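Report on one structure; see the data block that follows.
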Amino acid sequence: MDLQNAEQRITEIRSMLNHYGYEYYVLDKPSVPDAEYDKLMQELLELEEMFPALKTADSPSVRVGGAVIDLFVKVEHRTPMLSLGNAFNEQDLREFDRRIRQAVGEEFSYVCELKIDGLAVSLRYEDGLFVQGATRGDGTIGEDITANLKTIKSIPLRLRENATLEVRGEAYMPKRSFEALNKKREERGEELFANPRNAAAGSLRQLDPKIAASRRLDVFLYGIGNTGESGVAAHSEGLDYLDRLGFKTNQERRKCATIEEAIAFVNGWVERRPHLPYEIDGIVIKLDSLTQQAELGTTAKSPRWAIAYKFPAEEVVTTLLDIELSVGRTGVITPTAILEPVKVAGSTVQRASLHNEDLIREKDIKLGDKVVVKKAGDIIPEVVNVLADQRTGNEMDFHMPTHCPECESELVRLEGEVALRCINPKCPAQIREGLIHFVSRVAMNIDGLGEKVISQLFAEKLIADVADIYKLTGEQLLALERMGEKSAANLLKAIEVSKDNSLEKLLFGLGIRHVGAKAAKTLAQEFGTMAKLATATNDDLIAINEIGAKMADSIVAFFEKDEAKELINELAAAGVNMEYKGAKPVSVEDSDSIFAGKTVVLTGKLEQLSRNEAKEKIEALGGNVAGSVSKKTHLVIAGVEAGSKLAKAQELGIEVWDEEKLLEEINK
Ligand code: IVH
């Protein structure tokens with residue numbers, strides 16, 4: 001076949017695939033058997049492989065998932081992605097209605113929609129072409145997940161009109177896909193997803209789009225970022241417009257003239273919810289007219305013209321088999337209810353935290369009781385209450401111990417606290433939990449080093465403190481249960497990568513009392529380096545807005561301890577970064593900058609720019625400036641007399657620029 005014939009055939013196949021795909025995935029009305037679609041897709045893939053010049057960004061072949069990406073680039077949302085205020089009962093809804101009437105009078109209508117339980121996504125189209133898809137992130141800055149979103153077959157790669165717009169919606173995993181996925185994971189001995197929402201979010205956060213492609217995700221679009229010139233005057237018209245453009249919107253929407261009609265819609269769905277093929281967690285009620293929406297405006301967090309009615313959490317009854325005690329990293333003893341396994345809100349629950357002794361007394365919980373269980377926020381299992389009238393007389397009172405279940409030292413209750421604590425600093429449970437905290441996602445984020453591996457390493461005395469993690473060898477890891485060559489190698493890589501984390505991750509990981517993730521970030525930003533923070537006085541600390549006296553005391557006390565000093569020296573010697581990297585978010589406008597999402601290391605003496613200027617410029621263009629060269633480094637800028645870092649970069653085959661080239665790129 002020659003190029004011309006191939007082009008013709010490719011155009012033909014693409015048009016058929018787009019048409020069949022639209023019928024199947026958007027309209028839910030397939031007109032050809034799956035095998036036919038698959039056969040055409042195969043032919044297209046083969047032709048594109050033979051004639052790579054004919055590949056396009058909107059070819060349906062991208063649905064199978066393209067190349068693995070290195071990392072998710074940050075994306076700034078031009079219009080913030082807000083969340084919704086919640087209503088939990090009819091009274092809340094009537095109160096919302098009262099506020100609306102007060103603002104716009106009596107002439108208005110609502111649109112009621114299903115609240116899809118997935119994750120919010122933003123899709124940008126330019127001249128009808130899908131160019132960028134992002135997560136919500138913190139509402140202002142999300143992550144670019146275009147490659148993964150392209151695998152969702154109901155997301156059009158090209159619109160039916162050449163519109164330029166941003167649309168928003170919810171990506172989700174249908175119940176059947178979720179069940180099939182978990183079944184497969186169970187067979188393979190992999191960890192199960194707690195619910196379809198987590199599974200959808202997990203799938204879209206994979207660096208390999210082929211994984212997302214295999215997960216059978218779907219989407220419903222429910223809004224337009226900026227209606228601009230589209231001539232749309234009401235939300236309902238916007239949804240119809242989205243339909244015309246080829247998007248998948250949820251058809252179970254209803255225009256309601258009054259809040260009573262909206263309440264009837266809500267109540268109808270309380271009954272019908274279990275029969276839907278996807279999870280919903282409520283009903284969204286929106287004021288229809290865009291002019292009226294603008295009159296009401298938004299708060300910093302959510303629009304005043306809409307509200308989400310949240311369905312009450314499902315409650316089930318089960319038996320409390322036992323109460324287990326665990327020692328946390330700060331020594332707090334937490335009782336956990338061990339339950340007869342029971343299915344609630346989409347997954348099986350067998351444990352629920354009971355928090356502390358007071359709560360056990362308040363709820364009058366006895367061993368053997370029948371208890372009502374729900375998932376708070378549909379995620380965290382919770383014992384709601386006890387069914388005391390179902391007691392048989394065999395139930396037993398529960399008493400908290402007087403001594404630590406792990407190290408047997410006497411427990412204390414600190415003044416003003418409800419918790420019982422083990423205050424032995426050498427308590428192995430506390431040390432182990434501290435190690436688990438250090439490697440966790442929120443702290444140093446060492447992939448593959450979870451609770452189980454840490455517990456084994458600790459039990460085998462291979463690690464006693466966090467610095468020991470950086471001394472682990474492949475051999476030591478291989479000796480662990482269920483650890484293969486590949487996992488061990490990956491783990492070592494993940495440990496290596498963690499050395500480059502910005503200071504706040506390390507600070508939080510160290511588990512300094514009262515220093516949470518947010519405070520760690522503030523401290524890293526304010527002081528810039530561990531050395532500066534370590535020598536900060538109480539006054540220096542309190543001078544910072546978000547740092548109170550209690551935290552300041554705790555920080556000073558921490559850095560005064562010899563063990564802490566030694567630990568930090570050891571970590572630094574192992575190559576763990578001790579500086580704040582302050583990666584600035586990349587805005588949509590400059591996400592195509594050559595530095596976007598790249599980790600850059602500066603070495604040697606720069607002549608025209610100071611180190612700091614270079615750093616600021618690179619960061620402003622979306623780059624990250626790191627202190628040391630590792631496999632994660634994308635680029636090294638070598639000035640005069642560059643030494644070992646340059647050598648290492650060359651050894652690792654990392655791109656190296658001189659200052660000239662840097663200036664050229666910065667000034668582009
Ligand atoms: S409207 C300005 N409509 O619910 C807020 N949101 O906190 C625009 N969601 O994560 C949201 N279904 O992604 C809207 N039909 C629907 C929705 C919906 C699900 C999600 C949304 C956000 C959360 C709201």
Side-chain angles (χ1 to χ4, degrees), residues 77-88 92-93 96 100 110-123 133-143 145 149 152 154-155 165-175 195-198 200-201 204-205 217-227 232 234-243 247-256 262 265-266 269 273 276-290 292-311 377-379:
H77 300 298
R78 287 177 193 179
T79 327
M81 289 182 80
L82 301 178
S83 58
L84 291 168
N86 288 328
F88 296 98
D92 293 347
L93 289 178
F96 165 74
I100 298 281
Y110 291 122
V111 177
C112 295
E113 290 168 19
L114 306 187
K115 185 167 184 298
I116 313 299
D117 198 8
L119 70 152
V121 291
S122 141
L123 313 177
T135 60
R136 174 174 182 275
D138 63 4
T140 311
I141 291 154
E143 284 179 325
I145 51 163
L149 288 172
I152 301 184
S154 50
I155 293 184
L165 82 174
E166 189 210 336
V167 291
R168 289 173 177 181
E170 197 84 352
Y172 66 94
M173 186 177 282
K175 287 178 186 168
N195 53 48
R197 173 162 26 97
N198 289 2
L204 288 175
R205 284 205 39 94
L217 300 168
D218 210 334
V219 74
F220 283 121
L221 282 316
Y222 55 63
I224 305 175
N226 190 338
T227 43
V232 165
H235 176 66
S236 54
E237 291 172 23
L239 293 175
D240 295 342
Y241 177 54
L242 290 180
D243 284 337
F247 287 109
K248 182 163 174 174
T249 64
N250 194 293
Q251 299 302 310
E252 303 291 354
R253 54 184 185 250
R254 181 167 322 149
K255 218 163 145 165
C256 295
F265 183 85
V266 165
W269 277 106
R273 174 189 182 195
L276 279 170
Y278 45 84
E279 297 276 0
I280 61 173
D281 59 344
I283 301 292
V284 186
I285 300 170
K286 302 174 181 175
L287 186 59
D288 197 23
S289 149
L290 299 188
Q292 291 179 335
Q293 284 187 4
E295 268 172 55
L296 274 136
T298 71
T299 69
K301 278 202 225 137
S302 48
R304 292 196 188 87
W305 44 262
I307 197 159
Y309 173 86
K310 297 289 277 274
F311 292 133
D378 267 353
I379 303 177

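By convention here, the first residue in the shown sequence is residue 1. As the structure lists them, so they are numbered: ligands from 1, and atoms in each ligand from 1. Keep in mind that what you see is a predicted model, and the values were worked out from it rather than measured.
The shortest non-hydrogen separation linking A120 to Y222 is CB-OH, 4.1 Å. A171 approaches V121 most closely through the heavy-atom pair CB-CG1, 4.1 Å.
For R197 and E279, the salt-bridge test fails: no basic side-chain N is under 4.0 Å from an acidic carboxylate O. Looking at D117 and R273, no side-chain N of the basic residue comes within less than 4.0 Å of a carboxylate O on the acidic one, giving no salt bridge.
Among residues two or more places apart in sequence or in another chain, the side-chain contact (heavy atoms from CB on, under 4.5 Å) test is passed with L82 by P80, T298, P303.
Ring-plane geometry between F220 and Y172 is classed as parallel, the angle between the planes falling under 30 degrees on a 0 to 90 degree scale with a further cut at 60.
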Check ligand 1 for close polar pairs with the protein: N or O on both sides, less than 3.5 Å.
unit_1	atom_1	unit_2	atom_2	d
ligand 1	3 (N)	K286	NZ	3.0
ligand 1	4 (O)	K115	NZ	3.4
ligand 1	7 (O)	L84	N	2.9
ligand 1	12 (N)	I116	N	3.1
ligand 1	13 (O)	E170	OE1	2.3
ligand 1	13 (O)	Y222	OH	2.7
ligand 1	15 (N)	E113	OE1	2.8
ligand 1	15 (N)	L114	O	3.1

